[in-house]
Amino acid sequence: MKLATWNVNSLKVRLPQVLDWLKLHQPDVLCLQETKLEDANFPVPEIQAAGYQVLCSGQKTYNGVAILTRDAAREALAEIPGYSDPQKRVLAATIGGLRVICLYVPNGQSVDSEKYRYKLGWLEVFGSWLTHELSRHPRLAVLGDFNIAPAPRDVHDPALWEGKVLFSEPEREAFCRLAGMGLKDAFRLFEQPERSFTWWDYRMQAFRRKMGLRIDHILLSDALAKACTACSIDIEPRRNERPSDHAPVIAELNLIIDSGSSRIEA
DNA sequence: ATGGTAGAAACTCTA
């Protein structure tokens, strides 16, 4: 089975690209971020026509997450229990015995900003909830835009980015804390090309100049990491006309979803 | 020196 994540930066603009991508890659699950749509305006008929069911939690203008899934989802949750946040950034669902969490971590703007403090606080709260989710769901995957480059090799110019938002030490520590809960960075389970990134700023021709960061991730619990056979970044959509500034990330798992019995078979 | 581009929305904010 294939799990994927893509920050589309407006689903309204990117819907044709998403439909093309679904057809080409046929993932079992696709997590979307920055849909920027209220749920009432989500393009459900178009997604269903492509063979996917929709779970979404969105708002006007900013943020918004969704999970597109071939198989039925249950136990959907659109907020971290006990943490009321008007910003729609998290969506969890159980799909055939697999717990999937789609997330859009706050960007943080700059390290001296109120938004940066919100980001670190958000990660703290998310981490506590994740501990609880992991205790209930050994087969768990967290996919999304983490807005954190975990290591120097995930940044085109680590010296330039040192201490900057997306690569600052407190953010990297927060990422390590999540990974330390028994989650594996699927991308780093395999040998990868150097300078592998998932986001390139629209400005200064960053994509053409290969000035990117790897900030979109798929984290897998140990049980799922053992079944993971590949993980890659698909940079092709970043070459499109009117592209998202992010590329999709795909993980392949040697598992079969059995939605009838909600079990997973190796 | 704080640039630049894109999206949504509404003359600005967020990334």
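Chain letters run A, B, ... following the sequence lines, proteins first and then strands; every chain starts at 1.
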Which ILVMFWY residues are connected to [X], directly or by a chain of links, through side-chain heavy atoms under 4.5 Å apart?
{"X": "Tyr52(A)", "value": "Trp6(A), Val8(A), Leu11(A), Leu15(A), Val18(A), Leu19(A), Trp21(A), Leu22(A), Leu30(A), Leu32(A), Leu37(A), Phe42(A), Val44(A), Ile47(A), Val54(A), Leu68(A), Ile250(A)"}
{"X": "Val13(A)", "value": "none"}
{"X": "Met204(A)", "value": "none"}

Contacting residues from [range], given that a heavy atom lies under 4.0 angstrom of DNA chain B:
{"range": "residues 197-211 of chain A", "answer": "Tyr202(A), Arg203(A), Met204(A)"}
{"range": "residues 56-68 of chain A", "answer": "Lys60(A), Thr61(A), Tyr62(A)"}
{"range": "residues 102-117 of chain A", "answer": "Tyr104(A), Asn107(A), Lys115(A)"}

Q: On DNA chain B, check which nucleotide each of Asp145(A) and Lys12(A) is closest to and give me the residue with the more 5' one.
A: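 So the residue in question is Lys12(A).
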Q.
Can you work out whether His246(A) or Arg14(A) has the more 5'-proximal nearest nucleotide on DNA chain B?
A.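 Per heavy-atom nearest nucleotide, the more 5' residue is Arg14(A).
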(Q) Show every salt bridge (charged side-chain N to carboxylate O under 4.0 Å, His left out) that has at least one partner inside residues 2-21 of chain A, sequence neighbours left out. (A) none
Q. Can you list every salt bridge (charged side-chain N to carboxylate O under 4.0 Å, His left out) pair that touches residues 101-118 of chain A, not counting sequence neighbours?
A. Glu114(A)-Arg117(A)
Pairs of donor and acceptor atoms involving the side chains of residues 165-185 of chain A, under 3.5 Å and at least two apart or interchain, shall be tabulated with distances.
| unit_1 | atom_1 | unit_2 | atom_2 | d |
| --- | --- | --- | --- | --- |
| Ser168(A) | OG | Tyr116(A) | OH | 2.7 |
| Ser168(A) | OG | Glu171(A) | OE2 | 2.5 |
| Glu171(A) | OE1 | Lys119(A) | NZ | 2.5 |
| Glu171(A) | OE1 | Leu166(A) | N | 2.9 |
| Glu171(A) | OE2 | Leu166(A) | N | 3.1 |
| Glu171(A) | OE2 | Ser168(A) | N | 3.3 |
| Arg172(A) | NE | Pro150(A) | O | 3.3 |
| Arg177(A) | NH1 | Glu124(A) | O | 3.4 |
| Lys184(A) | NZ | Asp222(A) | OD1 | 2.8 |
| Asp185(A) | OD1 | Phe187(A) | N | 3.2 |
| Asp185(A) | OD1 | Arg214(A) | NH1 | 3.4 |
| Asp185(A) | OD2 | Arg214(A) | NH1 | 3.4 |
| Asp185(A) | OD2 | Arg214(A) | NH2 | 2.7 |

Q: Could you tell me whether Glu194(A) and Arg153(A) have a side-chain N and a carboxylate O separated by less than 4.0 Å?
A: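 Not counted as a salt bridge, because no side-chain N and carboxylate O are separated by less than 4.0 Å.
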Q. What residue pairs, at least two apart or across chains, pass ring pair (Phe, Tyr, Trp, His ring centres under 6.0 Å) with a residue in residues 88-114 of chain A?
A.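 Qualifying pairs: none.
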Q: Taking Asn240(A) for its side chain and Arg242(A) for its backbone only, find out whether a donor-acceptor pair lies under 3.5 Å.
A: no
(Q) Test your reading of the model: is there a side-chain donor-acceptor pair from Asn147(A) to the backbone of Val105(A), 3.5 Å cut-off? (A)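 At least one qualifying donor-acceptor pair exists.
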Q: Heavy atoms only: give me the nearest Ser196(A)-Pro193(A) pair and the separation to one decimal.
A: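 That would be OG-O, 2.8 Å.
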Q | Least distance between heavy atoms, Lys36(A) atom then Thr61(A) atom | A |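 Smallest interatomic distance, heavy atoms only, reads CD-O, 3.2 Å.
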[atom1] atoms of [N] and [M], separation to the nearest Å:
{"N": "dT2(B)", "M": "dA15(B)", "atom1": "C1'", "result": "16 Å"}
{"N": "dA1(B)", "M": "dC11(B)", "atom1": "P", "result": "30 Å"}
{"N": "dA9(B)", "M": "dC13(B)", "atom1": "C1'", "result": "10 Å"}

Q: Could you tell me which residues satisfy side chain to side chain contact (heavy atoms under 4.5 Å, CB included) with Ala78(A), sequence neighbours excluded, listed by chain and number?
A: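 Result, side chain to side chain contact (heavy atoms under 4.5 Å, CB included) vs Ala78(A): Ser57(A), Leu91(A).
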Q: At the 4.0 Å heavy-atom cut-off to chain A, mark where contacts on DNA chain B begin and end, going 5' to 3'.
A: dG4(B) to dA15(B)
